[in-house]
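Here the structure comes first, spelled out in structure tokens, and everything after it is commentary.
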Amino acid sequence: MSLTKDSIRSVLGPVAIPGQTQTIEQARLLEWVALCETYASLKLNDPGAPAREPLAAALAATLGAHARAEGAALESLIIEFVDRAGKVIHTARPALAGAPPKATAPADGHRPIGGLNQSQAPRAQQPQDTASGLPGVGNIIAVGAGKGGVGKSTISVNLAVALARKGHAVGILDGDIYGPSLPTLMGLGALEQVVMQGTLQPFLVHGVKAITIGKLVDAEKPLIWRGPMAHGAFKQLTEQTNWGELDYLIIDLPPGTGDVSLTLAQTLRLSGAVVVCTPQKVAQDDAVRAARMFQQLGIDVLGVVENMSWFIGDDGKEYDIFGRGGAQVMAQRLGLPFLGAIPINMALRANSDKGEPTKNFDEAVVGPILARSLEALTTRVEQEVAIASMRRGTRTPTLTIS
Ligand code: ADP
């Protein structure tokens with residue numbers, strides 16, 4: 001027997017909210033369940049400050065008992081309480097009775113990735129194989145760019161967080177093994193990589209499961225990989241992470257064309273790739289090369305995002321610094337969908353440096369335009385993924401008459 005997201009939902013539904021008359025099902029508190037092997041994460045609408053920790057303890061007790069009854073190992077539970085805007089206002093880490101002690105990475109944080117060994121122990125639960133080629137993972141989306149510095153990692157992170165905010169189970173993999181930026185962008189600095197039974201446990205941050213080579217090697221040293229090493233490192237990161245069940249896995253690729261993209265195409269079946277570009281002519285030329293590369297590798301290009309499209313000054317005026325619309329024209333020229341434009345926003349830059357991507361969806365912090373642009377981009381990506389999977393025949397169209 002094993003735990004599933006559905007079994008967790010049904011067992012937690014009747015739990016009474018301490019100090020209140022309703023159960024969590026009646027009050028519709030449970031928004032999201034993520035299960036990653038022995039880790040579970042819940043997102044709940046806020047029941048009010050006094051009820052948070054007692055409710056977290058009650059959920060942990062019920063879930064712990066359910067896991068034991070199913071003969072499943074559950075070692076860690078993280079509960080995020082969110083407000084009406086979906087913003088996390090409190091995180092609880094209630095103790096799970098009977099949970100075995102955690103295995104942790106060595107204190108020096110310097111673990112050769114080759115030390116991972118998938119064959120060391122069988123996984124506690126083996127999710128179903130899926131169209132993506134990664135067990136348990138529904139859709140894999142690669143995010144690429146022709147050149148560095150155009151905001152590829154920024155778009156990857158915000159796309160992942162936005163999908164999670166819509167209720168999807170999402171993972172993000174820092175495939176930019178030459179210059180990993182996820183530790184900064186997702187605020188992983190103080191966290192320690194956990195390796196259990198030879199597999200990497202992703203970090204559960206901002207509602208997303210994240211993994212990066214930046215937490216396995218010395219961040220200060222340059223990462224110089226030869227082709228086969230890059231291939232091996234990327235493959236291990238992808239395949240030896242306990243992703244659990246995911247609706248979407250976002251892969252932030254290194255800029256340009258190269259080894260990692262080739263490995264990706266050889267080992268996984270992608271839903272498609274998103275190409276990030278700034279409006280200037282030089283950036284477009286590189287983005288065209290990136291799009292062509294994906295197509296040559298047999299990867300669908302879901303579309304083009306124009307980042308740093310325009311800037312809104314303190315005077316409220318819009319400035320088209322790099323020539324807004326350039327990437328849109330390029331997308332049209334290549335016959336690719338245009339997924340949306342994201343403005344230059346100083347708060348986004350600051351939130352990225354601080355590892356607080358959820359703030360990019362808080363209109364009080366970033367203003368209305370950025371948050372809405374990111375959400376619109378995410379909706380377009382979801383649509384293009386659905387279209388791409390229908391094209392490949394992995395999803396049948398449904399007709400809804402209302
Ligand atoms: P890449 O992954 O393409 O190398 P990054 O995502 O690391 O690029 O972004 C490069 C820099 O630009 C970072 O400092 C990031 O915070 C900033 N940045 C990216 N997009 C925007 C934007 N729309 N507004 C403001 N700053 C941005």
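No hydrogens, no waters, no symmetry mates; every other heavy atom, side chains included, goes into these values. Remember, it's 1-based here, ligands and their atoms both numbered in the order they're listed.
Using a 4.0 Å cutoff on heavy atoms, G179 does not count as a contact of ligand 1. The shortest separation from a heavy atom of A145 to ligand 1 is not under 4.0 Å, leaving the residue out of contact. Heavy-atom distances between G149 and ligand 1 reach below 4.0 Å in at least one pair.
In this structure, a donor-acceptor pair under 3.5 Å is absent between the side chains of K147 and T278.
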Please step through side chain to side chain contact (heavy atoms under 4.5 Å, CB included) for the pair E306 and R324, ending with a clear verdict. CA-CA 8 Å; E306 180 167 289; R324 183 174 180 172; 4.0 Å; yes

Given side chain to side chain contact (heavy atoms under 4.5 Å, CB included), test I342 with L370 step by step and report yes or no. CA-CA 7 Å; I342 306 296; L370 179 75; 3.7 Å; yes

Full working for side chain to side chain contact (heavy atoms under 4.5 Å, CB included) between N45 and V82: CA-CA 5 Å; N45 293 315; V82 296; 3.8 Å; yes

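In the vicinity of S352, heavy-atom distances shorter than 4.0 Å reach the ligand 1 atoms 16 (O). Atoms of ligand 1 found under 4.0 Å from any heavy atom of G148, numbered from 1 in the order shown, are 4 (O).
The single protein non-hydrogen atom nearest to atom 21 (C) of ligand 1 is L348 CD2, 3.5 Å, given as residue, atom name and distance. Looking from atom 17 (C) of ligand 1 to the surrounding protein, the closest heavy atom is R349 CG, 4.0 Å. At the top of the distance list for atom 12 (O) of ligand 1, counting protein heavy atoms only, stands M308 CE, 3.8 Å. In this structure, the protein non-hydrogen atom closest to atom 8 (O) of ligand 1 is G151 N, 3.1 Å. Closest to atom 25 (C) of ligand 1, if we only count protein heavy atoms, is N345 O, 3.2 Å.
A search for side chain to side chain contact (heavy atoms under 4.5 Å, CB included) contacts involving M186 returns V157, I172, L182, L188, V205, H206, V208, A210, P357, not counting sequence neighbours. Evaluation of the ring-ring contact (aromatic ring centres under 6.0 Å, His included) rule for H168 yields Y248 as partners, not counting sequence neighbours.
Ion pairing between D285 and R289 fails under the 4.0 Å rule for side-chain N and carboxylate O. Taking 4.0 Å as the cut-off between side-chain N and carboxylate O, R372 and E363 count as a salt-bridged pair.
Counting heavy atoms from C-beta on, the side chains of Q295 and R292 come closer than 4.5 Å. In this structure, E80 and E31 have side chains that are not in contact, with every pair of non-hydrogen atoms separated by 4.5 Å or more.
Between K152 and ligand 1, a contact under 3.5 Å exists for at least one N or O pair. For a threshold of 3.5 Å applied to N or O pairs, the pair formed by V150 and ligand 1 contains at least one separation below that value.
Here N307 has side-chain heavy atoms under 4.0 Å from ligand 1, and that is the only part of it that gets that close. Within the 4.0 Å heavy-atom criterion, both parts of T154, backbone and side chain, lie near ligand 1. Here P343 has backbone heavy atoms under 4.0 Å from ligand 1, and that is the only part of it that gets that close.
Nearest residue to atom 7 (O) of ligand 1 from P254, S373, S153 is S153 (criterion: closest heavy atom).
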